[in-house]
Amino acid sequence: DAGVIQSPRHEVTEMGQEVTLRCKPISGHDYLFWYRQTMMRGLELLIYFNNNVPIDDSGMPEDRFSAKMPNASFSTLKIQPSEPRDSAVYFCASSSGTETYEQYFGPGTRLTVT
Amino acid sequence: RKEVEQDPGPFNVPEGATVAFNCTYSNSASQSFFWYRQDCRKEPKLLMSVYSSGNEDGRFTAQLNRASQYISLLIRDSKLSDSATYLCVVNEGNTPLVFGKGTRLSVIA
């Protein structure tokens, strides 16, 4: 079975540009999580969905960040406009409602904003 | 959000050594506990759950001390392939997991 799929794997963009990160969770998983990881702050939860509905977006840094999950097999995280401090690795993870402790992570998107 | 604290390391140990990591958590209502492993430039993956009675998986032993609110991971007979960052993770209930920043282990030949 395919794991969590993320694209792109690497993104380099200039400050002010819009960035869209994509995620396909594992089929049958009803929870989806977006994380950001940096050396300074570690792994931070940005937002999570249950059955495609956003449950908690309190980790989203500011209004420049938005996330959607239009269906059970696809989610996007958008940054508009991007800033250099957004540079990080962004992970998507999914889990089954009955075992939410085991989250399956995608390979991540390494974002560099210059 | 409550905190999960770990010594960032790095822990540099020779092959065959025994190494232990501790982690403390601040929310006394936390319900379940885990260790995840993250290899360099890779995603985190579940290593093992941590039970009150302690649990062992091969060379790895995890223990929980609820009274003192800390979790430990012991690795015996370290291998080069154990080199990674080990993330302490806490489930506070009907909320997502809370991840520590990780402890970096480097096993040296």
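Just so we're on the same page: letters track the sequence lines, and every chain starts at 1. All values below were derived from every heavy atom in this structure, side-chain atoms included, with hydrogens, water molecules and symmetry-related copies excluded. What you see is a predicted model; the values in this text were computed from it and never measured.
- Checked against side-chain hydrogen bond (donor to acceptor under 3.5 Å, both in side chains), B/Asp39 has the following partners two or more places apart in sequence or in another chain: B/Arg37.
- Between A/Glu11 and A/Arg110 there is no salt bridge, since none of the side-chain N atoms of the basic residue sits less than 4.0 Å from a carboxylate O of the acidic one.
- Heavy atoms closer than 4.5 Å to chain A are found nowhere in B/Thr85, neither backbone nor side chain.
- Counting only distance, with no hydrogens or angles, the side chain of A/Tyr48 and the backbone of A/Tyr35 share no donor-acceptor pair below 3.5 Å.
- Among B/Phe99, B/Phe33, B/Phe34, the single residue meeting the ring-ring contact (aromatic ring centres under 6.0 Å, His included) criterion with B/Tyr25 is B/Phe33.
- Residue contact with chain B, scored on non-hydrogen atoms closer than 4.5 Å, is absent for A/Glu44.
- Proximity to chain A (any heavy atom under 4.5 Å) is shown, for B/Lys45, by neither the backbone nor the side chain.
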